[in-house]
Amino acid sequence: MTAANIKTVKSCSIKNCKEQKSAIYIVREDFITKFNFHEFQMKIDAAMINQHKPTFVMHEILPTNQKQAQVYDKNINFNKQSFAMLTKDLGEGAKRIQNEPNAGGTSFFSEILSCEILERVLNAKLTKTELEINYISEHSKKVDYLLTMNKSTFNTNDANDNDNNNTLKIGVSVTRAFKFIKNVGLEESSEFFTLEDAQYLLQKKLIGAFYASENVLNNNNNNNNNDNKKWVDHQGWDKTILHVLVPNEKIANTCKKAYRKLKCEMKRNVIVIVTVTKWMNCIYSERLYDHFL
């Protein structure tokens, strides 16, 4: 599909997308984002209004050059090339994360892609990267980045940090749901990803996001004296998004079942977005070595 074949949906401000029944396809040079327009609009917009409403949505992304992506997926040594192909058309927010040192681990690829995906589907704007968010302690639980977005997901105006009446601050925690088994392919390993694995992962990330919000410093306070620091009580941000990247629909559906079993208290004021990433194995097989090639 080329840009000439793409039309903008009238009810959506997102550029370069077309509507087919209830599906939206955002087609860009690097990857295609597919989601159900009504599900995203209705569920996420309702969650923005009611913080007690549990919200779980799923969608899919796939490389625009699927033939080349499948070649790269066969060999872990092509991780860097695969990721470069998936990030040809990054927005300013994802580029900021890409240019910042990672806080640790091998989740650099997933955090960059997460920011780009959410900026595209939610019409959001990155406001702070992981290292720009200040907490009570350096050992505090952390989120990966902060977004600003309109209270209405598909509002025709871009998110504006200065318009407090129409925008919300969103803390985003990113994770990957998959099973790693040595000498076994990602698809085959997925068969061993259990409901218990999904429950453990979601609980761990939701609890971590809660404590991150509890421990974030008041952004308006610039006093370096620890005794005079002011805390933001339950108000580090207005809403939390747990963004879960999964390699296939089987794991996505397992996460959905696990989510339903969680206690309501854990799901309060949190939107869980599960993204199925087709032919993007580099997200799950990322190595520190990939960044020094």
Side-chain angles (χ1 to χ4, degrees), residues 1-41 43-44 57-74 78-95 97-98 109-126 147 149 153-154 172 174 176-178 186-187 190 241 243-253 255-256 272-286:
M1 287 181 281
T2 65
N5 300 324
I6 301 166
K7 64 180 181 180
T8 302
V9 180
K10 292 182 180 179
S11 58
C12 172
S13 65
I14 298 173
K15 299 176 182 178
N16 296 337
C17 58
K18 69 176 184 177
E19 185 173 27
Q20 182 177 353
K21 295 183 180 179
S22 61
I24 293 289
Y25 294 82
I26 307 173
V27 183
R28 300 275 278 272
E29 184 181 359
D30 43 17
F31 63 87
I32 301 168
T33 309
K34 176 183 175 182
F35 61 98
N36 184 296
F37 175 72
H38 298 295
E39 174 160 304
F40 264 72
Q41 184 185 40
K43 287 189 175 182
I44 295 182
V57 292
M58 292 167 48
H59 77 111
E60 180 182 16
I61 66 171
L62 60 159
T64 305
N65 188 344
Q66 295 163 29
K67 184 176 180 180
Q68 186 62 59
Q70 291 178 64
V71 172
Y72 286 152
D73 264 10
K74 294 177 182 178
F78 287 130
N79 276 356
K80 189 172 183 179
Q81 293 89 331
S82 177
F83 187 71
M85 184 180 70
L86 296 173
T87 53
K88 288 181 180 178
D89 199 15
L90 288 183
E92 291 183 6
K95 285 180 180 177
I97 294 178
Q98 188 176 40
F109 290 170
S110 58
E111 290 173 16
I112 294 168
L113 274 175
S114 168
C115 180
E116 184 63 28
I117 292 164
L118 295 188
E119 284 194 329
R120 292 184 190 184
V121 300
L122 300 179
N123 198 27
K125 177 184 176 182
L126 179 77
L147 293 174
M149 62 179 285
T153 312
F154 298 96
V172 182
V174 185
R176 300 165 294 175
F178 70 106
L186 182 63
E187 198 65 32
S190 297
I241 288 179
H243 192 193
V244 187
L245 302 178
V246 302
N248 53 52
E249 289 187 10
K250 180 184 181 298
I251 291 182
N253 289 325
C255 289
K256 187 174 184 178
V272 177
I273 298 178
V274 174
T275 301
V276 179
T277 59
K278 198 169 185 180
W279 299 314
M280 299 182 181
N281 287 358
C282 63
I283 298 172
Y284 310 97
S285 59
E286 179 184 1

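Numbers here simply count residues along the sequence, with the first being 1. Quick caveat, the model's predicted, so the values are computed rather than measured.
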*Rounded to the nearest 0.5 Å, what's the gap from SG on Cys115 to NZ on Lys125? Could you check?*
12.0 Å
*With Lys43, which residues qualify under salt bridge (Lys or Arg N to Asp or Glu O under 4.0 Å), at least two apart?*
Glu39
*To the nearest 0.5 angstrom, please state how far the CG atom of Asp73 sits from the CD atom of Gln66.*
11.5 Å
*Please name all residues satisfying side chain to side chain donor-acceptor pair (under 3.5 Å) with Thr275, sequence neighbours left out, ordered by chain then number.*
His59, His243
*Could you pull out the closest heavy-atom pair between Met149 and Ala124, with the gap in Å?*
CB-CB, 3.8 Å
*Applying ring-ring contact (aromatic ring centres under 6.0 Å, His included), name anything that partners Phe31, two or more places apart in sequence or on another chain.*
none
*Would you find a donor on one side and an acceptor on the other, under 3.5 Å apart, between the side chain of Glu286 and the backbone of Phe109?*
yes
_Straight-line distance of Thr64 OG1 to Asp89 CG, nearest 0.5 Å_ = 9.0 Å
*What residues, two or more places apart in sequence or in another chain, satisfy salt bridge (Lys or Arg N to Asp or Glu O under 4.0 Å) together with Asp30?*
Arg120
*Spacing of CD1 belonging to Ile97 relative to CD belonging to Glu116, to within rounding of 0.5 Å*: 9.5 Å
*Listed partners of Tyr284 passing side-chain contact (heavy atoms from CB on, under 4.5 Å), at least two apart*: Arg176, Phe178, Leu186, Leu245, Pro247, Thr277
*How long is the span from the NZ atom in Lys278 to the NZ atom in Lys34, to the nearest 0.5 Å?*
9.0 Å
_Run the side-chain contact (heavy atoms from CB on, under 4.5 Å) test against Ala69 and tell me which residues pass, sequence neighbours left out._
Pro63, Met85, Trp279
_Once side chain to side chain donor-acceptor pair (under 3.5 Å) is applied, do any residues pair with Ser285, and if so which ones, sequence neighbours excluded?_
Asn79
*asked:* Can you tell me how far apart NZ (Lys250) and SG (Cys255) are? Round to the nearest 0.5 Å.
replied: 10.0 Å
*Which pair of heavy atoms, one from Ile32 and one from Tyr25, lies closest together, and at what distance?*
CG2-CD2, 4.2 Å
*Keeping the roles fixed (side chain from Thr87, backbone from Phe83), state whether a donor-acceptor pair exists under 3.5 Å.*
yes
*Would you indicate whether the side-chain heavy atoms of Leu122 and Ile241 approach each other to under 4.5 Å?*
yes
*Heavy-atom pair with the smallest gap, counting every atom of Ala177 and Val244*: CB-CG1, 3.8 Å
*asked:* Using the side chain to side chain donor-acceptor pair (under 3.5 Å) criterion, which residues pair with Glu187? Sequence neighbours excluded.
replied: Asn248
*So with a 6.0 Å cut-off around CD of Gln70, is the heavy-atom count from everything else above 12?*
yes
